[in-house]
Amino acid sequence: MKAALLVAIILLSGCGDTEKAAAPEKAAGPAKADAAEAAPPHGYVRGAEETAEPQARLVLADAGTGAVHVLDLITEKVTAVARVASVEGMTGDGRFAYVAHAGESLRVIDSGGWTVDHGDHLHFYRTTPRDVGTVTGRRALSDAAVTAVSGSGGVRLLDRAKLEEGLIAQTATVPGTGTALPYDERLFVPVGGAVAIHSRAGAPAGRLDEPCPQPRGAVVTRRGAVFGCADGALLVGGKGAEKIPHRDERPGELSGRPGSTVLAAIAGDGGVWVLDVTAKSWKRLETGPVAAVTATGPQAPVLVLTTDGVLHSWDPESGEKLAKTRLLDRADDHVTIQADPNRAYINDPAVKAVHEIDYRDGLRRARTFELDFTPTHMVETGR
């Protein structure tokens, strides 16, 4: 929760407008020299340390005790961050984790690790994890400017910059009970079998031509945003919206590595549906009963954890099984798979552990993190 988008003409050109070349000045006055010295360096973020590599972390919540911890995947340090009553689930947006609890509340946890994508290059940051506070709602999704918190009372829009400072500042509320998605400088809100469009400030701006009956979840890919609908997937891009129809049983909620154009979902009692967003096609894998699934990208495997605790990898194009390994004694709906470009992470509540899997190397178990609490819920951040 789970959605950094990983992708130079000239790296030194920086993030904003390229500085215009100018003839040397005959004399730089002291005021101009002082201003140059005071200017923050490129990529500067107040209160954070910029690093040379992604600061991957896992936010872990124990449903029994309510304890929320952050596991730093580089240092392997575990930090206790909060204690939340009646934990029911958790999602993430690349930096923040949103712990669902107590009916319709989200506890906002800053993992302290994140990536900023500037198109031709990336910046990686780290800071101390912290508990930000609570907001009313059931699920949250974000872009660079706004966090949309969806719930039965509508969609609450939070100022993202304030959230990064540790403050929950609501800017507007818009109607709708589906999962709202900030994307392409707009806000898309499923409501009444359609998808309404709002500005980031909450102002109505029309609706998509294509319907989306019974919406279920939303994911951002390199090809556009994808909403799960009863009759297929709704792809929203720069040229409008297009339905990728599905005429069989409805898939579960789509998931994949952040930015991936291949997504996967549980298919009934014995399989997995794979959606190739680029090809606009569905494929069914006959896997047996599934506890958790995710796609890791084009030319990369779909990872399937069956209820008997066996992890499988499948080729998303050919439908061929590539590898399998017994990982857990058993698997239920509390187990999740979080994937990044190199590794996958699977929580194992039964033995209080998290397993790191190299899915490009025959599902090799790279590390197992043994914990002194139960990791019932998990999201990865920092990528």
Side-chain angles (χ1 to χ4, degrees), residues 1-3 89 91 138-139 141 150 177-179 181 188 190-195 208-221 223-236 241-257 260-298 300-322 324 330-339 344 346:
M1 267 157 251
K2 337 210 338 267
T91 56
R138 295 298 300 164
R139 186 163 186 175
L141 294 173
S150 306
T177 57
T179 299
L181 178 67
F188 296 89
V191 57
V195 177
L208 297 177
D209 293 335
E210 286 284 347
C212 184
Q214 302 172 35
R216 182 186 294 167
V219 182
V220 174
T221 77
R223 296 287 180 176
V226 179
F227 288 88
C229 311
D231 56 354
L234 182 60
L235 174 62
V236 182
E242 179 181 0
K243 183 65 64 67
I244 306 175
H246 194 291
R247 295 181 177 84
D248 209 319
E249 63 189 341
R250 177 174 186 166
E253 188 164 342
L254 293 162
S255 67
R257 177 175 61 80
S260 170
T261 55
V262 176
L263 304 171
I266 295 176
D269 296 329
V272 165
W273 283 111
V274 178
L275 172 62
D276 186 325
V277 178
T278 302
K280 300 181 177 64
S281 64
W282 296 89
K283 181 185 294 292
R284 183 183 170 97
L285 305 177
E286 300 296 339
T287 61
V290 178
V293 62
T294 200
T296 62
V302 173
L303 303 178
V304 179
L305 183 70
T306 47
T307 54
D308 58 1
V310 177
L311 180 64
H312 311 255
S313 64
W314 295 75
D315 186 305
E317 295 184 6
S318 68
E320 174 188 2
K321 185 184 291 188
L322 303 174
K324 68 176 184 178
R330 67 180 188 278
D332 58 22
D333 57 5
H334 284 140
V335 177
T336 186
I337 305 173
Q338 298 280 297
I346 300 173

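Because only heavy atoms are used, hydrogens play no part in the values below, and waters and symmetry mates are left out as well, while side chains stay in.
The two atoms that bring W282 and I244 nearest to each other are NE1-O, 3.3 Å, heavy atoms only. Listed here is the closest heavy atom pair of L234 and C229: CB-SG, 3.8 Å. Of all the heavy atoms in A291 and A331, the pair that sits closest is CB-CB, 3.7 Å. Taking every heavy atom of both residues into account, A264 and V293 meet most closely at CB-CG2, 3.8 Å. Closest heavy-atom contact between P301 and S313: CB-CB, 3.8 Å. Listed here is the closest heavy atom pair of S260 and T296: OG-C, 4.2 Å.
Separating the CZ atom in R250 from the CZ atom in R216 is a distance of 4.0 Å, to the nearest 0.5 Å. Distance check: D231 CG to H246 NE2 gives 10.5 Å after rounding to the nearest 0.5 Å. The distance from atom OG1 of T307 to atom CG of D333, rounded to the nearest 0.5 Å, is 11.5 Å. Annotation: the span from I337 atom CD1 to I346 atom CD1 amounts to 4.5 Å, rounded to 0.5 Å.
Side chains of T179 and L181 form no contact here, defined as non-hydrogen atoms less than 4.5 Å apart. The shortest side-chain heavy-atom distance between T287 and H312 does not fall under the 4.5 Å cut-off. When side chains are defined from C-beta on, V226 counts as touching L275, because their heavy atoms get closer than 4.5 Å.
No more than 12 heavy atoms of other residues, nucleotides or ligands sit less than 6.0 Å from atom CG of D209. Remark: K243 NZ is packed, more than 12 non-hydrogen atoms of other residues, nucleotides or ligands lying under 6.0 Å away.
Exactly one residue among L254, T294, V302 makes a side-chain contact (heavy atoms from CB on, under 4.5 Å) with L263. That residue is L254.
K283 places a side-chain N or O within 3.5 Å of a backbone atom of E317 that can act as its donor or acceptor partner.
Between R284 and D248, none of the side-chain N atoms (NZ, or NE/NH1/NH2) sits under 4.0 Å from a carboxylate O, so this pair counts as no salt bridge.
Legend: side chain to side chain donor-acceptor pair (under 3.5 Å) pairs involving residues 262-281, not counting sequence neighbours, sorted by first then second residue: R223-T278.
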